[in-house]
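Here the structure is laid out as structure tokens; the discussion comes afterwards.
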Amino acid sequence: MEKYNPQAIEKKWQAVWNAPDYYRTTEDDSRPKYYALEMFPYPSGNLHMGHVRNYSIGDVVARYRSMAGYNVLHPMGFDAFGMPAENAAIAHGVKPGNWTFANIRNMTAQQKAMGLAYDWSREVETCRADYYRWTQWLFELFYKRGLAYKKEAAVNWCDKCGTVLANEQVIDGKCWRCDSEVHKKNLAQWFFKITAYADELLADLDKLTGWPARVKTMQENWIGRSEGLEITLDAPELGEKISVYTTRPDTSFGITFLALAPEHPLVEKILARSPKADELKKFVDKARAHSDIERTSSESEKEGIFTGFYCVNPFNGNKVQIWITNYVVFEYGTGAVMGVPSGDQRDWMFAKKYGLDIILTLQPKGTELKLEEMDAAYVEHAGVLVNSGKFTGMDFDAGFKAIMDEAEAQGFGKRKVNYRLRDWLISRQRYWGAPIPVIYCDKCGEVLVPEEQLPVHLPDDVEFKQGALSPLSTSKHFVECTCPKCGGHAHRETDTMDTFICSSWYYMRYTDPKNDKLPFARDKVNYWSPVDQYIGGIEHAILHLLYSRFFTKVLRDAGMLDYDEPFANLLTQGMVIKDGAKMSKSLGNVVSPEEIIGKYGADTARLFILFAAPVERDLDWSDEGVQGSFRFLNRVWRILNIFADAIKSPDTAQVLTAEETALRRTLHKTIKKVTEDVRDRFAFNTAISALMELVNAMHAFQDKPINPTLARELARDLLLMLAPFVPHISAELWSQFFDGDVHKQAWPTFDAKAVVEDEVEIVVQINGKVRDRINVAVGLSKADLEALAPTLPKVQALTAGKQIVKIIAVPNKLINIVVK
RNA sequence: GCGGUCGUGGCGGAAUAGGCAGACGCGCUGCUUUGAGGGGGCAGUCCUCGUUCGGGGGUAUGAGUUCAAGUCUCAUCGACCGCACCA
């Protein structure tokens with residue numbers, strides 16, 4: 001018997017699979033389509049275990065679907081623009097392109113060494129001109145649809161990366177990439193108007209029945225829709241009107257102060273008029289200087305200063321003090337907030353701290369609240385209105401609505417929907433990205449580069465310096481240009497696009513990767529889309545997954561495709577952990593995939609990673625566990641070699657022995673379970689454990705003869721089921737016993753007759769405790785079981801002298817006898 | 001603070017529609033095979049009392065629903081994740 005030699009086998013079969021047409025997929029196919037997709041990687045240099053896990057899961061899905069009769073699209077590519085390439089250029093003087101392509105070559109070789117079933121002819125690399133040409137084209141499409149605009153704003157700036165960041169890329173006030181603190185900077189920047197789709201992005205989450213609730217909740221929170229009322233208050237001394245936004249219009253009669261953000265435009269006017277301007281200015285400067293972290297932390301002390309000016313509550317004519325505070329967020333709502341201490345805990349604390357008036361406007365039904373006895377605001381959305389003019393006595397819901405109606409009727413208020421979601425800041429002051437295809441003409445202003453002139457190529461003659469602004473501005477030949485409209489003097493935009501734009505449409509490009517007339521043809525994208533199964537890490541729950549949904553909706557509205565959501569089903573895999581922490585260089589707990597594949601082979605690496613944990617959960621790396629997986633493959637190899645003679649023998653007329661019949665039953669039960677686990681639940685760990693049980697059962701025949709027909713059936717179906725998980729060893733053993741290619745065979749179906757047993761073990765319980773097990777004919781009726789139970793000797797012994805109150809029988813499962 | 005997920009052997013985990021808790025694997029123990037480079041096969045392995053048979057207990061804790069609860073309900077404790085002064 002030859003030894004299992006994974007290195008030799010894997011090389012041999014990878015050579016077969018690397019033939020140009022082996023995995024080529026076309027639309028011209030009568031089978032139903034299935035689009036399996038893993039999030040494409042950033043070409044950092046080497047695959048890590050997270051990649052291995054991601055691709056192993058995707059490969060099982062793709063290979064299984066292909067065997068199960070689908071026309072499967074399973075592509076791979078690289079998210080190839082981004083900072084690390086540029087940092088390599090700064091640190092080592094390597095050209096970002098050279099660095100990137102070398103990494104892509106290396107990682108592609110590693111992916112091929114994993115035996116993944118990709119259609120490489122569809123590979124997409126976002127840093128290539130034939131791809132970013134269409135990224136630029138799509139920018140122009142957004143621009144023409146009024147969804148791309150430039151504006152000056154206080155934006156998030158990361159010093160270390162030397163660029164701005166989108167809100168989604170700021171995590172706890174820190175840069176998502178380098179973890180350094182982000183601060184605000186006023187810059188003129190390009191934005192995508194994602195807020196125009198806020199409502200649909202929120203509403204369509206309901207359509208995503210194949211997404212984890214967790215991800216949908218995160219997106220829901222991020223979009224942060226709220227309904228409320230915008231109220232305008234007169235400030236006669238200032239000759240101004242101030243708008244505030246509230247989600248609690250029912251408390252409007254309780255306004256006792258008005259809080260302005262330090263950035264609010266009215267602050268300048270107040271400073272100009274106030275006798276205590278110096279004092280106010282000191283406060284405003286201090287508040288503005290605070291970092292985002294300090295300002296958005298709910299633990300920060302709420303501070304404010306009275307301006308000396310008043311406005312008027314339009315509901316009851318009350319005089320309301322105008323304060324400048326450090327806790328109102330300028331970017332949300334109107335940047336000004338009405339203060340109702342009785343109904344909002346922050347306002348309550350603020351009022352207590354500065355001794356402001358408190359007016360009660362709502363109290364629970366049947367209870368009378370007394371301000372002097374309260375030590376917190378009453379914040380429930382229920383109760384009865386008090387001190388609210390003609391609305392007093394109404395219950396919460398009626399009062400809420402009536403007050404909004406009143407405000408709208410009187411013209412000082414308007415119902416309004418607000419979102420936490422802000423527009424997507426897409427400019428980056430970096431080199432290694434798709435240039436924004438805009439030209440600024442001295443005469444015509446902002447002009448799009450004409451479509452036929454795309455792509456705007458990245459120039460070579462740039463200087464890289466740490467923290468320098470927009471490297472593209474150092475290229476003379478890039479910056480200077482003529483206006484496409486008037487031919488006059490002009491210069492190019494020197495910012496590039498956020499790489500998340502590149503990755504917002506790559507899965508569409510896979511459907512038509514060579515198209516040089518359009519980003520993709522409508523019929524092709526419609527044929528393959530939506531992605532049937534998308535697989536990746538939870539870290540993209542908001543960023544990439546929200547942006548991609550936005551892109552899909554915009555392109556649908558532009559008539560380029562005909563569906564609403566890009567990813568029908570989403571699987572978020574867990575992390576790979578070792579010694580209780582995520583693998584990382586700094587912790588020194590990294591296990592390199594190359595090392596494992598070199599030692600045990602790709603099949604073992606794949607098998608371990610799929611077996612060790614359910615796909616959604618974090619996976620604890622275990623060197624011993626890897627050995628266990630290797631052991632299992634050796635066991636498969638050995639038992640099929642032991643069966644080899646039988647497998648190759650002709651059929652005999654002999655009927656199966658009882659033991660053989662039982663083994664065949666195990667086989668068909670396994671087929672049923674593995675099929676359901678893989679198809680319906682992505683429960684690869686339990687599918688593999690079922691295969692292990694089957695192989696264990698086969699080992700009972702290692703020393704005795706086995707019926708050739710059965711041996712053949714076992715070998716066949718076992719290899720077919722193993723094929724998606726461990727493609728190399730399956731292909732090799734298949735070629736030793738059977739014709740054709742295991743990966744082009746149909747997935748096995750179970751024989752319903754073989755699964756049926758004549759007898760089944762029934763558990764007999766007395767008062768819920770197992771007291772006996774009996775074998776009865778399968779399907780024995782409830783009535784028969786109930787009649788049978790009291791006659792059992794063991795039951796009679798244990799129930800002697802007691803009264804049987806009730807007998808519950810569940811056919812094929814159990815009997816429970818209740819006694820007193 | 002708000003929202004979510006989850007607590008099962010020494011470890012990773014299983015129990016899919018409320019019906020035998022601990023499948024499968026790791027580790028460990030014993031037996032076996034001249035296998036002798038991290039080899040293979042078989043058996044045992046939740047705790048506890050009892051010689052085998054068997055009895056009792058057991059899924060974070062406490063209550064509840066039910067003939068029956070790891071699974072459902074409520075409370076408590078703990079872990080992790082997301083959002084977080086959004087008015």
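All chains are named by letter (A, B, ...) in the order of the sequence lines, taking the proteins before the strands, and each is independently numbered beginning at 1. The figures here come from the full heavy-atom set of this structure, side chains too, leaving out hydrogens, waters and symmetry mates.
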Using atom [atom1] in both nucleotides, what's the gap between [N] and [M] to the nearest angstrom?
| N | M | atom1 | value |
| --- | --- | --- | --- |
| B:C77 | B:G25 | P | 40 Å |
| B:U71 | B:A17 | P | 15 Å |
| B:G70 | B:G18 | C1' | 11 Å |
| B:G22 | B:G7 | C1' | 16 Å |
| B:A84 | B:A68 | C1' | 44 Å |
| B:A79 | B:C47 | P | 28 Å |
| B:A21 | B:A15 | C1' | 7 Å |
| B:G44 | B:A60 | C1' | 30 Å |

Given the structure, check if the side chain of A:N816 and the base of B:C67 hold any donor-acceptor pair shorter than 3.5 Å. yes
Look at the side chain of A:K302 against the base of B:C85 and say whether a donor-acceptor pair falls under 3.5 Å; ignore hydrogens and angles. yes
G-U wobble or Watson-Crick pairing nucleotide for [N] (cut-off 3.5 Å, both distances):
| N | result |
| --- | --- |
| B:C6 | B:G78 |
| B:G50 | none |
| B:G18 | none |
| B:U73 | B:A63 |
| B:G35 | none |
| B:C83 | B:G1 |
| B:G27 | B:U45 |

Just how far, in rounded Å, is [atom2] of [N] from [atom1] of [X]?
| X | N | atom1 | atom2 | result |
| --- | --- | --- | --- | --- |
| A:I688 | B:A14 | CD1 | P | 12 Å |
| A:N812 | B:G19 | CG | C1' | 12 Å |
| A:R420 | B:C2 | CZ | C1' | 13 Å |
| A:K782 | B:C67 | NZ | P | 13 Å |
| A:E693 | B:G13 | CD | C1' | 13 Å |
| A:I223 | B:C83 | CD1 | P | 14 Å |
| A:K673 | B:A14 | NZ | C1' | 8 Å |
| A:E220 | B:G3 | CD | C1' | 9 Å |

Does anything in residues 331-341 of chain A pair up under salt bridge (Lys or Arg N to Asp or Glu O under 4.0 Å), and if so which pairs, sequence neighbours excluded?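 For residues 331-341 of chain A, and leaving out neighbouring residues, there are no salt bridge (Lys or Arg N to Asp or Glu O under 4.0 Å) pairs at all.
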May I have all residue pairs that pass salt bridge (Lys or Arg N to Asp or Glu O under 4.0 Å) and include part of residues 606-617 of chain A, sequence neighbours excluded? A:D59-A:R606
For [X], which residues count as a side chain to side chain contact (heavy atoms under 4.5 Å, CB included) partner, sequence neighbours excluded?
| X | result |
| --- | --- |
| A:V819 | A:I766, A:N767, A:T799, A:K802, A:I804, A:I817 |
| A:T217 | A:N221 |
| A:S781 | A:A783, A:D784 |

Using a heavy-atom cut-off of 4.0 Å across all strands, would you classify [X] as base, sugar-phosphate, or nothing?
| X | answer |
| --- | --- |
| A:N767 | nothing |
| A:E761 | base |
| A:G333 | nothing |
| A:K769 | sugar-phosphate |
| A:R225 | nothing |
| A:V818 | sugar-phosphate |
| A:F350 | nothing |

Show, in sequence, the C-alpha distance, side-chain angles and deciding distance for A:E786 and A:K782, and conclude whether the salt bridge (charged side-chain N to carboxylate O under 4.0 Å, His left out) test is met. CA-CA 6 Å; A:E786 281 167 11; A:K782 198 166 174 294; 3.5 Å; yes
I want to check something: taking the side chain as every heavy atom from C-beta on, are A:D199 and A:R225 in contact at a cut-off of under 4.5 Å? yes
Among [options], the nucleotide that comes nearest once only the side chain of [X] is considered:
| X | options | value |
| --- | --- | --- |
| A:S689 | B:A15, B:G55, B:C24 | B:C24 |
| A:N685 | B:A14, B:C24, B:C67 | B:A14 |
| A:W222 | B:A84, B:A87, B:G19 | B:A84 |
| A:R681 | B:A15, B:C67, B:A87 | B:A15 |

Of A:T334 and A:N221, whose closest RNA chain B nucleotide lies nearer the 5' terminus? A:N221
Side-chain donor-acceptor pair present, A:K184, A:N156, cut-off under 3.5 Å: yes
Report, one pair per line, the protein and nucleotides 40-49 of chain B atoms (nitrogen or oxygen only) whose separation is under 3.5 Å.
from	atom 1	to	atom 2	distance (Å)
B:G40	O3'	A:R638	NH1	2.9
B:G41	OP1	A:R635	NH1	2.6
B:G41	OP1	A:R638	NH1	2.9
B:G41	O3'	A:Q702	NE2	3.0
B:C42	OP1	A:Q702	NE2	3.4

Which is it for B:G9, anti or syn, if anything within 90° of zero counts as syn? syn
Relative to its sugar, using the 90° cut-off around 0, the base of B:A17 is syn
Could you list all the side-chain hydrogen bond (donor to acceptor under 3.5 Å, both in side chains) pairs where at least one residue sits in residues 687-697 of chain A, not counting sequence neighbours?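 Found A:R635-A:N696.
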Protein-nucleotides 5-12 of chain B N/O pairs closer than 3.5 Å?
from	atom 1	to	atom 2	distance (Å)
B:G12	O2'	A:A612	O	2.6

Determine: side-chain N/O of A:Y332 to OP1/OP2 of B:A87, distance under 4.0 Å, yes or no. yes
Closer than 4.0 angstrom, basic N to acidic O: yes or no for A:K216 and A:E220?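 Result for this pair is no, no salt bridge flagged.
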May I ask you to decide whether A:E230 forms a salt bridge with A:R415, counting only side-chain N to carboxylate O separations under 4.0 Å?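 Salt bridge absent between A:E230 and A:R415.
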Using residues 680-687 of chain A as the side-chain source, report each donor-acceptor pair under 3.5 Å to any protein atom, sequence neighbours left out, with the distance given to one decimal.
from	atom 1	to	atom 2	distance (Å)
A:R681	NH2	A:D677	OD1	3.2
A:T686	OG1	A:D677	OD2	2.8
A:T686	OG1	A:A683	O	3.1

Give me the atom names and distance for the closest heavy-atom approach of A:S629 to A:L607. O-CD2, 3.7 Å
